[in-house]
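A short worksheet on the structure shown next.
The figures here come from the full heavy-atom set of this structure, side chains too, leaving out hydrogens, waters and symmetry mates. In what follows, every chain begins at residue 1, and chains take the letters A, B, ... in the order their sequences are listed.
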There are 2 protein chains.
Amino acid sequence: MSGFERYNKILNLFSEQRNSLTVAEISQELKVPASTVYRIVREMVLAEFIESAAGSYFRLGQAFIKFNRIINLSDPLIQAGEPFLKKLANENPIPSTNILARLFGNKVMCVADFKHSTFKNNTSYQKGRLMPLLYGATSRAIIMQITEKRLNNILNLEGLNNDLQKEIFIKGLDQDKKKGFCKTEAQVDIGLIGFALSISNKKLGIEASLSSIFNISDFRPEHEPSIYANLSSYALLIERYINKIFIDTEAYHNNYLNKD
Amino acid sequence: MSGFERYNKILNLFSEQRNSLTVAEISQELKVPASTVYRIVREMVLAEFIESAAGSYFRLGQAFIKFNRIINLSDPLIQAGEPFLKKLANENPIPSTNILARLFGNKVMCVADFKHSTFKNNTSYQKGRLMPLLYGATSRAIIMQITEKRLNNILNLEGLNNDLQKEIFIKGLDQDKKKGFCKTEAQVDIGLIGFALSISNKKLGIEASLSSIFNISDFRPEHEPSIYANLSSYALLIERYINKIFIDTEAYHNNYLNKD
DNA sequence: ATAATATTATCATTATATGATAAATTGTTA
DNA sequence: TAACAATTTATCATATAATGATAATATTAT
């Protein structure tokens, strides 16, 4: 264990379920002596990436709140997409939650969400939460973009090493690719149905998706056309906006450089 | 430069204004050769603390969104305080923005905010943004809690090294301490007036404040009593709730340990 | 007050980071 | 498409910092 990995491993011990840890626990998890962990933790406390809680426990620190704000203000996907989620929710024919998600390692992370006030259920998708890559329309609209090789790696990692299963999964994905959208029922949350479209920008390395999630009980087949119409028009809008941000940023950088 | 500081310094080069940087720029800022910076940046990209953007620029990475979520779910101040901000806003006699803030180094960071729909102005206080420690009611209600020695250090750091100025500042603070609340006009944003109370929990090391911010043009002296009544009842409520969380967490930990 | 736990300090040893340079890759321009 | 420039990765000897066992304090609980 060396370099940044050492720090990252400690941070990744913290989770929604286990949000505070003692040095003894960290030491045990990482199989590193307590004296070493104390030194490392102290460094991170100084930088406010960790803070001490009651009873010799430690928590994640406030620095994350600070950096999270900067990301929200600078991430092109969030900047371009978040403002449209509310509009999308308002135009959908039935109550919905609407989500922007992107690839995060071999998981999918929601980076923006808007739940319409009339949508009473809760989805598992929440900003910052990691979700499985192989289930749900939100995720499918993302993996349909990645290369075959990478997909294969991920399928192996996720335990889909049975060749037949793999083939079936890839075939289904290819069909979705041709159609240009994804639709899944109850793959992530029971009682919910999801529709998703890809959002991408090669230059910015964005592999994302825009999705609308509904209660199955609200949903009727006749809703589908307007759901697709909404999703596809907003997906296009967001892609264009991302591109605009890209152009603007480039211009800004050029301008900045010329001023030297 | 060594240990976590090396990574932290790079992360802290990113700001709202300068949200993407090239390796050359980082190298220049930190006075570290590009070959070294490339190695460090690569490590951080792997951990998703940094991500590559277009045109050889780098941005903060998505890991912050993930960790920010965990903090929001686990920070006792946010957990205890955030739900009450909306209620406070609704009960205030005039349109307001309501803020929970805490100490962050020698700055003050807003960790939760709720702007009432009728409040049209914008405050500088936004979740995750660092604000000066010496101006505004929000900040005063925090520094009035810290030890004299620490305050002195901060006053020196902030350039208040003139003894007379210092004395005046401390006297004003002492008066606020006696009154038990802070009120400032236009110290941070012109046209706004702020009222704040301290929130603290020694065991959890929380030094924070709850504040309501109004438009000066909306404000009349007769509003003051109800403003104070609201603030003080919610501040008390939040402190009690923090304590409840503390007790619950302790019980949880004990329970967890006994199960081994 | 005493015991138990948590935290910091010390220091010889080991392992890793560093940075100069070269090589490779990628992007740009003619 | 070739030639060029910029970006990124690889290499490696050397300097530097991390490690962890142990001892010394500090803090907390009994």
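- Mapping A:Val32 and B:Glu250 onto DNA chain D by nearest heavy atom places A:Val32 closer to the 5' end of the strand.
- If you take CE of A:Met1 and P of D:dG20, they are 8 Å apart, rounded to a whole angstrom.
- The local environment of NZ in B:Lys166 is crowded, with over 12 non-hydrogen atoms from other residues, nucleotides or ligands closer than 6.0 Å.
- Between B:Phe4 atom CZ and C:dA17 atom P there is a gap of 15 Å when expressed in whole angstrom units.
- In this structure, A:Leu30 atom CG and D:dT19 atom P are separated by 11 Å, rounded to whole Å.
- Looking at the side chain of B:Ser35, the nearest of the listed nucleotides D:dT8, C:dT7, D:dA10 is D:dA10.
- Atom C1' of nucleotide D:dT8 and atom CD of B:Glu25 are separated by 16 Å, given to the nearest angstrom.
- The aromatic rings of A:Phe4 and B:Phe49 sit perpendicular to each other, their planes meeting at more than 60°, with 30° as the lower class boundary.
- Counting to the nearest Å, the P atom of C:dT18 and the OH atom of B:Tyr7 are 7 Å from each other.
- Ring planes of A:Tyr241 and A:Phe84: perpendicular class, angle over 60° (limits at 30 and 60°).
- Residue A:Tyr38 places none of its side-chain N or O atoms closer than 4.0 Å to OP1 or OP2 of C:dT8.
- A salt bridge does not link B:Arg129 to B:Asp113: none of the charged nitrogens lies less than 4.0 Å from a carboxylate oxygen.
- Between C:dT18 and B:Thr36, no contact under 4.0 Å exists linking OP1 or OP2 to a side-chain N or O.
- Per the geometry, NZ belonging to A:Lys31 stands 13 Å off P belonging to D:dG20, to the nearest Å.
- Remark: the B:Thr22 side chain and the A:His253 side chain contain no N/O donor-acceptor pair separated by less than 3.5 Å.
- An OP1 or OP2 oxygen of C:dT10 is reached within less than 4.0 angstrom by no side-chain nitrogen or oxygen of A:Arg39.
- In this entry the distance linking CD of A:Gln28 with P of C:dA6 reads 13 Å, nearest Å.
- A straight line from CD of B:Glu5 to C1' of D:dT16 spans 15 Å, rounded to a whole angstrom.
- Residue A:Gly3 is classed as a sugar-phosphate contact, given heavy-atom separations below 4.0 Å to backbone atoms only.
- Applying the 4.0 Å criterion to OP1 and OP2 of C:dT8, one finds that A:Arg42 has a side-chain N or O inside that range.
- The listed nucleotides are D:dT19, D:dT8, C:dG19; the one nearest the side chain of B:Pro33 is C:dG19.
- Across the interface with DNA chain C, nearest-nucleotide mapping of A:Ala34 and B:Glu43 shows A:Ala34 to be the residue nearer the 5′ end.
- If you check D:dT19, D:dT8, C:dT16 against the side chain of A:Ser2, the one that comes closest is C:dT16.
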